[in-house]
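So the structure is just underneath, and the comments pick up after that.
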Amino acid sequence: MTRFHLLAIDLQKEFTEPGGFCYQPRPCVDFITETLLPYCLANGLQIAEIISDYRQPRLTDQLSYCIPGSEGYQSIIAAGLRNGEPRVKSTHSPAWVREKSEKGDAEPGLPVPDPAGLDSWFSRLLGPPDEELRIVLIGLTLDCCILSTAQELHFRGYHVRYLVEAVDTYDGSIPARDFLLRTTMASWGEPLSWRKFLKMVNGGEESS
C-alpha cells in the first residue's frame with residue numbers, strides 16, 4: 001500500500017502574506033490555508049517543514065529577509081500540524097544551513113553545506129526511502145526552492161510528488177506552474193492532483 005509524508009517548503013509569512021518581502025498573490029496559498037490545512041487538522045495528518053533564514057551574510061544575495069524573530073519568519077503551519085522541528089535552510093537548497101546559531105539575536109555565520117545533517121533530518125522525519133513511500137511537496141516556489149528540495153530527495157532515492165494545487169511559481173502563474181510540472185520538474189518527481197491525493201490518503205492506490 002502506498003504511504004506518504006507531506007513536506008512543506010517556505011510557507012512563511014514573508015512569502016505568503018501581503019507586506020511580506022517576497023509576497024506575490026499565489027493561488028496555492030489560499031488552497032493550503034482554506035482546504036489542505038483544515039483537512040490535515042480534521043484527519044490527523046502532520047506536515048514536515050523546511051523554512052528559510054535569509055539574513056546576511058549570504059554570498060549569493062545582498063538582501064536580508066526571513067529573519068528569525070520577525071513576523072516574516074513565521075510559518076503559516078500551526079505548531080500542532082507540524083511533524084517535528086523544521087529544517088532551517090540558508091540558501092535555496094535545504095542542504096545548506098547557518099554556520100552558527102539560528103536565533104535572531106545571535107550573529108549569524110555564512111551558509112555552509114550540511115548534507116549529513118539533511119540525511120539525518122530526512123531519515124528522522126520521513127523515514128528511509130522505499131518503493132511504497134511518496135514524499136508530497138507543497139509550498140513555494142516551484143521554480144526555485146521546491147526544485148532544489150525535489151533534487152535532494154530524488155538523489156537520495158525518495159519518490160517525489162508535487163501536490164498540484166498546493167505549489168506555485170514565484171509569480172503565481174498557473175500556466176507557468178503547469179508548464180514546469182510537465183517539463184523541468186518531471187526530472188525529479190511527478191504531479192499529484194488533490195483528487196488523487198485524497199484517494200491515497202484513504203487507502204487507494206496513487207494511480208487509481
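The chain is numbered in sequence order, starting from 1.
Grouping the Ile, Leu, Val, Met, Phe, Trp and Tyr side chains by contacts below 4.5 angstrom, directly or via other members, places L7 apart from L198. Hydrophobic cluster membership is shared by L140 and L63, with clusters built from Ile, Leu, Val, Met, Phe, Trp and Tyr side chains linked at under 4.5 angstrom. The cluster map of Ile, Leu, Val, Met, Phe, Trp and Tyr, joined by side-chain heavy atoms under 4.5 Å apart, puts I146 and I135 in the same cluster. I138 and L126 end up in different hydrophobic clusters when Ile, Leu, Val, Met, Phe, Trp and Tyr side chains are linked at under 4.5 Å. At a threshold of 4.5 Å between side-chain heavy atoms, the hydrophobic network of Ile, Leu, Val, Met, Phe, Trp and Tyr places V201 and L137 in two separate groups.
Not one N or O on the side chain of R58 forms a donor-acceptor pair closer than 3.5 Å with the backbone of P111. Not a single donor-acceptor pair under 3.5 Å links the side chain of R87 to the backbone N or O of W121. Distance alone, capped at 3.5 Å, is enough to place a donor-acceptor pair between the R177 side chain and the V164 backbone. A donor-acceptor contact shorter than 3.5 Å links the side chain of R134 to the backbone of E131. Looking at S120, its side chain never comes within 3.5 Å of a backbone N or O of A116 through a donor-acceptor pair.
Partners of F122 according to the ring-ring contact (aromatic ring centres under 6.0 Å, His included) rule, which considers only residues two or more places apart in sequence or in another chain, are Y158. With sequence neighbours left out, the salt bridge (charged side-chain N to carboxylate O under 4.0 Å, His left out) criterion links D168 to no other residue. With sequence neighbours excluded, the residues forming a salt bridge (charged side-chain N to carboxylate O under 4.0 Å, His left out) with R82 are E49, listed by chain and number.
For the pair R55 and S70, the minimum side-chain heavy-atom distance is 4.5 Å or more. Taking the side chain as every heavy atom from C-beta outward, R3 and D130 approach each other to under 4.5 Å. Using a 4.5 Å heavy-atom cutoff, the side chains of L192 and E190 are not in contact. Using a 4.5 Å heavy-atom cutoff, the side chains of P57 and R98 are in contact. Counting heavy atoms from C-beta on, the side chains of Q46 and L81 never come closer than 4.5 Å.
Between I32 and the choices L37, I77, V167, the side chain to side chain contact (heavy atoms under 4.5 Å, CB included) rule is met once, by L37. In summary, of the residues considered (D53, D10, D114), a side-chain hydrogen bond (donor to acceptor under 3.5 Å, both in side chains) with K89 occurs for D10 alone. Tested against H5, the residues V136, L125, L133, L45 include a single side chain to side chain contact (heavy atoms under 4.5 Å, CB included) partner, L133.
Applying the side chain to side chain donor-acceptor pair (under 3.5 Å) rule to pairs touching residues 31-43 yields nothing, sequence neighbours excluded.
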Please report, to 0.1 Å, the donor-acceptor pairs under 3.5 Å made by any side chain of residues 178-186, with sequence neighbours excluded.
| residue | atom | partner | partner atom | Å |
| --- | --- | --- | --- | --- |
| T183 | OG1 | F179 | O | 2.7 |

Just list the side-chain donor-acceptor pairs under 3.5 Å for residues 11-30, sequence neighbours left out, or say none.
| residue | atom | partner | partner atom | Å |
| --- | --- | --- | --- | --- |
| Q12 | OE1 | S52 | N | 2.8 |
| Q12 | NE2 | S52 | O | 3.1 |
| Q12 | NE2 | Y73 | O | 3.1 |
| K13 | NZ | E71 | OE2 | 3.1 |
| K13 | NZ | Q74 | OE1 | 3.2 |
| E14 | OE1 | F21 | N | 3.0 |
| E14 | OE2 | C66 | N | 2.8 |
| T16 | OG1 | Q12 | O | 3.1 |
| R26 | NE | Y170 | O | 2.8 |
| R26 | NH1 | F15 | O | 2.8 |
| R26 | NH1 | C22 | O | 3.4 |
| R26 | NH2 | C22 | O | 3.0 |
| R26 | NH2 | Y170 | O | 3.0 |

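A distance of 7.0 Å separates CG of L147 from OH of Y162, quoted to the nearest 0.5 Å.
The closest side-chain donor-acceptor pair between D143 and T141 falls under 3.5 angstrom.
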